[in-house]
Amino acid sequence: MRVLDLRESRIDESETISWIKNIKRLKDVIETSRIEKRPGIMVAFDMEDVPSAIRLAEELSAADGNFAIKIGRPLEMQTGKEVISKVRDATDIPIVYDGKIADIPYISAKIAEIAYDAGADAVIMHAFVGADVVREVVNLGMGDVITVIEMTHPGSVEYLGHFSEKLIRKTSEIGVDGVVLPATRPERVSALSGLLNSGSIDSDSETYIISPGIHAQGAEPGDAIANGSDYEVVGRAIYQSEYPKESAEQIYRQAISRWGGV
Ligand code: 3DU
């Protein structure tokens, strides 16, 4: 019997590895939503230094708690999509690409596809651009889709605040996996998470809520989780601290104890 030797065959070894990785990714996507709906901290990777991002990704793999990583544009712009792949190679923790995608359906889906291919488990996009755009990204079926419903800054109240109920209702019906609500306005987290779970919205019971605004923007650990959110998004208070892993673990413990669970 002749054993297939990759060196002799015309199949390139790196191509085979990439195939295996894609099949594994596809299996994960089919089997589950990549981000579990349970209280945790989503660490915002907005640092501009790639080696320190990789170091923190490795450290978070061994950290005590439930963590996810959100890669923002300031980091992505350093190398492009490669940084997503580098972080992917450094950790098994779920990775969210926060491109706040808000373009026409074709371009939005293209951006999302590039991020998933690079190793992202989820992408963040704006809901306000319209149901057709959200549907196009969800229909890719390549990973989780998280839509921005309300934001943390004061200006969010001027526009998004007027439409947020409609946005959460509509994007849930389309089948998004997660939504963004502001930790800086816990009463909005409470109201909109209540609406999401009320049964009056056609949403999956596994739809999770992520909430930025902890520390650097004035909210306290636990403000959002205690009001119905699942992940508190924390950037500067972690990546600018002297001991980022320890800061992440401490914020996780504080949020969980405010929530009153394990
Ligand atoms: O303020 P921090 O450094 O903890 O970072 C917050 C992160 O969350 C940052 O990546 C920002 O882009 C994101 N975000 C908001 O701060 C507010 C929103 O409404 C949505 C996302």
Side-chain angles (χ1 to χ4, degrees), residues 35 40-50 52-53 56-57 60 67-78 83-84 87 93-102 111 115 120 122-129 134 144-164 167-168 171 176-193 208-225 227-242 244-245 247-252 254-255:
I35 296 172
I41 299 297
M42 188 172 284
V43 184
F45 275 38
D46 295 323
M47 63 287 260
E48 293 167 57
D49 175 46
V50 176
S52 82
L56 181 53
L60 286 173
F67 297 101
I69 290 171
K70 182 178 84 61
I71 297 180
R73 299 292 326 274
L75 178 61
E76 183 222 333
M77 287 176 78
Q78 305 306 314
V83 76
I84 302 176
V87 173
I93 290 177
I95 297 172
V96 179
Y97 168 60
D98 185 4
K100 299 228 175 40
I101 304 169
I111 297 168
V123 298
I124 297 183
M125 66 180 299
H126 272 292
F128 71 74
V129 271
V134 176
D144 284 9
V145 178
I146 304 170
T147 45
V148 177
I149 304 296
E150 276 192 33
M151 299 186 73
T152 51
H153 61 296
S156 171
V157 178
E158 283 178 67
Y159 300 117
L160 287 178
H162 294 289
F163 300 104
S164 50
L167 295 177
I168 205 167
T171 57
V176 301
D177 304 279
V179 294
V180 184
L181 299 176
T184 49
R185 280 189 287 282
E187 72 287 357
R188 298 303 293 154
V189 176
S190 174
L192 292 165
S193 66
Y208 50 81
I209 298 169
I210 73 169
S211 298
I214 307 299
H215 282 320
Q217 297 182 56
E220 293 296 322
D223 278 356
I225 289 178
N227 281 284
S229 184
D230 300 293
Y231 287 83
E232 292 188 347
V233 178
V234 189
R236 286 164 283 180
I238 293 176
Y239 68 78
Q240 287 182 352
S241 88
E242 200 175 346
K245 172 181 174 256
S247 298
E249 289 175 325
Q250 188 190 27
I251 293 169
Y252 172 78
Q254 289 168 338

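Computed from heavy atoms alone, side chains included, the values below leave out hydrogens, waters and symmetry copies. Order of listing sets the numbers, starting from 1, for every ligand and every atom in it. All of these numbers come straight from a predicted model, not from anything done at the bench.
Residues forming a ring-ring contact (aromatic ring centres under 6.0 Å, His included) with F45 (at least two apart in sequence, or on another chain): none. Scored by the ring-ring contact (aromatic ring centres under 6.0 Å, His included) test, Y239 finds no partners at all (sequence neighbours excluded). Every residue was checked against the ring-ring contact (aromatic ring centres under 6.0 Å, His included) condition with H215, not counting sequence neighbours, and none meets it.
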Between Y252 and F67, is the ring-ring contact (aromatic ring centres under 6.0 Å, His included) condition met? List the steps. CA-CA 8 Å; Y252 172 78; F67 297 101; 5.7 Å; yes
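With S193 as the fixed residue, the side chain to side chain contact (heavy atoms under 4.5 Å, CB included) test singles out one of I168, I209, D230, V179: I209.
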Please tabulate, one line per pair, the protein N or O atoms found under 3.5 Å from any N or O atom of ligand 1, giving the distance to one decimal.
| from | atom 1 | to | atom 2 | distance (Å) |
| --- | --- | --- | --- | --- |
| ligand 1 | 1 (O) | Q217 | NE2 | 2.8 |
| ligand 1 | 1 (O) | R236 | NH2 | 2.8 |
| ligand 1 | 3 (O) | R236 | N | 2.8 |
| ligand 1 | 3 (O) | R236 | NE | 2.7 |
| ligand 1 | 4 (O) | G235 | N | 2.8 |
| ligand 1 | 10 (O) | D46 | OD2 | 2.6 |
| ligand 1 | 10 (O) | K70 | NZ | 2.7 |
| ligand 1 | 12 (O) | K100 | NZ | 3.3 |
| ligand 1 | 16 (O) | Q217 | NE2 | 2.8 |
| ligand 1 | 19 (O) | T152 | N | 3.0 |

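E232 places a side-chain N or O within donor-acceptor distance of the main-chain N or O of I225, the cut-off being under 3.5 Å.
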